[in-house]
Amino acid sequence: MIINKEDFNKVQSLTKDFYNRDTVQVAKDLLGCLLVFNSSEDIAGGVIVETEAYTQKGDPACHTARGMTPRNKVMFGPPGYAYVYFTYGIHYCFNAVTNTEGVGDAVLIRALQPEIGIPLMQKRRGRERLKDLCSGPAKLVQALGMSKEQNGADLTNSNVRILPGWEKQPEMVTTTRIGIKEGAELPLRFYVKDSPYISKK
DNA sequence: GACCAGATTGTCT
DNA sequence: GACAATCTGGTCA
């Protein structure tokens, strides 16, 4: 499970085919996978324990619900790329573009279980406790050291990658999404049951 | 633990 | 000009 900077380019990422599927299914399957960022300092990453699906069709909370803009154009591109956006004046959030090119879907990564480069993440976050490092979409972006420069990055062939993680699919809980107004009642949030690293119960 | 306000700027109407 | 897929630190209990 633990990989180092030298191994980063050797490990097999999830393929484009993984992302080119129904968005809800990808959101579920991403639980237990390993998100890793190879920054200039060192690599850092963790196991995905919480996701949310955002679909263009029938979802008013999705950034692409009202068509393409300069900000969300990555979501309309081919699947398997990173969509990183800026919000609340201070925070970034990380998504994986899913479904077929042109649709406008993505999966928001909401929380990680820290695995790789923990000391570096502790330093970046200014927090010691593991459950404070990546238990929220803006926290994990900060812990991994990502920014808007990762917007549009190829998740199968760049500094940001998602790898197969746990062999067994974890027990999963489905609930409603967090931090949105419209579409808040839709059951599109998924997390690993009993994980202490999720953002909120 | 629960609840609340402040931060702070890119993006869209 | 309004608001945002959030986090933090404060108060009160």
Side-chain angles (χ1 to χ4, degrees), chain A residues 19 22-28 30-31 35 37 44 46 48-77 79 81-99 103-114 121-153 155 160 162 173-192 194-201:
Chain A
Y19 301 99
D22 176 69
T23 302
V24 171
Q25 193 59 49
V26 175
K28 292 177 181 174
L30 278 174
L31 294 179
L35 172 63
F37 178 49
I48 297 168
V49 292
E50 182 178 348
T51 62
E52 283 179 4
Y54 284 87
T55 61
Q56 195 276 338
K57 190 183 170 201
D59 181 2
C62 185
H63 282 180
T64 55
R66 289 171 199 78
M68 190 170 358
T69 67
R71 173 163 86 146
N72 66 27
K73 67 169 190 278
V74 174
M75 283 181 71
F76 286 100
Y81 285 78
Y83 170 51
V84 180
Y85 68 89
F86 184 74
T87 191
Y88 290 104
I90 30 187
H91 297 302
Y92 293 101
C93 297
F94 176 88
N95 300 247
V97 177
T98 60
N99 215 323
V103 172
D105 285 9
V107 172
L108 171 69
I109 310 300
R110 287 194 56 89
L112 304 179
Q113 172 178 317
M121 295 198 283
Q122 287 171 325
K123 181 182 141 209
R124 284 178 176 143
R125 291 273 306 125
R127 292 286 188 285
E128 290 293 321
R129 301 208 323 253
L130 292 188
K131 51 193 296 191
D132 290 336
L133 295 182
C134 300
S135 55
K139 293 182 189 176
L140 87 250
V141 167
Q142 189 191 6
L144 267 53
M146 295 194 290
S147 70
K148 61 174 183 245
E149 288 171 29
Q150 274 64 54
N151 189 37
L155 294 177
V160 199
I162 302 179
V173 180
T174 302
T175 51
T176 53
R177 294 173 297 181
I178 290 179
I180 53 174
K181 284 184 181 171
E182 298 179 289
E185 75 286 355
L186 297 171
L188 295 173
R189 173 173 176 242
F190 312 99
Y191 64 86
V192 175
D194 298 327
S195 172
Y197 301 106
I198 62 172
S199 63
K200 198 183 165 206
K201 278 203 166 168

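Numbers restart at 1 for each chain; the letters A, B, ... are given by sequence-line order, proteins then strands.
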(message) Please list, in numerical order, the residues of residues 142-152 of chain A that have a heavy atom closer than 4.0 Å to any atom of DNA chain C.
(response) none

(request) Give the rounded distance in Å between these two atoms: CE of A/M68 and P of B/dT13. (result) 14 Å

(request) Would you classify A/A61 as touching base, sugar-phosphate or nothing, given that sugar-phosphate means primed atoms plus P, OP1 and OP2, and contacts are heavy atoms under 4.0 Å? (result) base

(request) To the nearest Å, give me how far apart CZ (A/R66) and C1' (B/dC12) are. (result) 10 Å

(message) So, does A/R110 get its side chain near the phosphate of C/dT6, meaning an N or O under 4.0 Å from OP1 or OP2?
(response) yes

(message) In this structure, how many angstroms lie between the P atom of C/dT8 and the NE2 atom of A/H91, rounded?
(response) 7 Å

(message) Measure NE2/A/H63 against C1'/B/dG10 and give the value in whole Å, please.
(response) 12 Å

(request) Would you please indicate if the ring centroids of A/H63 and A/Y85 are separated by under 6.0 Å? (result) yes

(request) Compare every heavy atom of A/A111 with every heavy atom of A/L140, then report the nearest pair and how far apart it is. (result) CD1-N, 3.8 Å

(request) Using a cut-off of strictly less than 4.0 Å, decide whether A/R127 has a side-chain nitrogen or oxygen near OP1 or OP2 of C/dG9. (result) yes

(request) Please confirm whether any donor atom in the side chain of A/Y88 sits under 3.5 Å from an acceptor in the base of B/dA7, or the reverse. (result) no

(request) Return the value, rounded to whole Å, for the distance between atom CD of A/E50 and atom C1' of C/dA5. (result) 12 Å

(message) Please convert DNA chain C into dot-bracket. A pair counts if it is Watson-Crick or G-U wobble with both distances under 3.5 Å; crossing pairs go in [ ] and bases paired with another strand get |.
(response) ||||.|||||||.

(request) Let me see the working for A/E50 and A/K28 under salt bridge (Lys or Arg N to Asp or Glu O under 4.0 Å), right down to the final yes or no. (result) CA-CA 9 Å; A/E50 182 178 348; A/K28 292 177 181 174; over 6 Å; no

(request) Using whole Å, report how far NZ of A/K200 lies from C1' of C/dT6. (result) 12 Å

(request) Would you mind telling me which residue lines up with the more 5' stretch of DNA chain C, A/R125 or A/E52, judged by nearest nucleotide? (result) A/E52

(message) Whether the side chain of A/T64 engages the backbone of A/G104 through a donor-acceptor N/O pair (distance < 3.5 Å, no angle test) should be reported.
(response) yes

(request) Measure from NZ on A/K73 to P on B/dG10 and round the result to the nearest Å. (result) 16 Å

(message) For a quick test of reading the model, state the closest non-hydrogen atom pair linking A/A53 to A/D59 and the distance between them.
(response) O-OD2, 4.2 Å

(request) Kindly compute the distance separating CD1 (A/I198) from CZ (A/R189), expressed to the nearest 0.5 Å. (result) 5.5 Å

(request) Show your reasoning for whether side chain to side chain contact (heavy atoms under 4.5 Å, CB included) applies to A/Y83 and A/N151. (result) CA-CA 5 Å; A/Y83 170 51; A/N151 189 37; 3.6 Å; yes

(message) Applying the 5.5 Å / 30° rule, does A/Y54 stack onto the base of C/dA5?
(response) yes

(message) B/dC12, OP1 or OP2 - any side-chain N/O from A/T69 closer than 4.0 Å?
(response) yes

(request) Take atom CD of A/E149 as the centre, draw a 6.0 Å sphere, and report whether it contains more than 12 heavy atoms from other residues, nucleotides or ligands. (result) no

(request) Please list, by residue number, the residues of residues 174-185 of chain A whose heavy atoms come closer than 4.0 Å to an atom of DNA chain C; answer none if no residue qualifies. (result) A/I178, A/G179, A/I180, A/K181

(request) Kindly confirm or rule out a cation-pi arrangement of A/R110 over A/F190, judged by NZ or CZ under 6.0 Å from the six-membered ring centre and within 45° of its axis? (result) no

(request) Round to a whole Å and report the spacing from CG of A/N95 to P of C/dT6. (result) 11 Å

(request) Quick one: closest heavy-atom pair of A/L133 and A/Q122, and the distance? (result) CD2-CA, 3.8 Å

(request) Report yes if the side chains of A/V160 and A/L155 come closer than 4.5 Å at any heavy-atom pair, otherwise no. (result) yes

(request) Check every atom of B/dG10, C/dT8, C/dT6 against the side chain of A/F86 and return the nucleotide holding the closest atom. (result) B/dG10

(request) Specify the closest pair of heavy atoms between A/A61 and A/R177, including all atoms of both residues, with the distance to one decimal. (result) CB-NH2, 4.0 Å

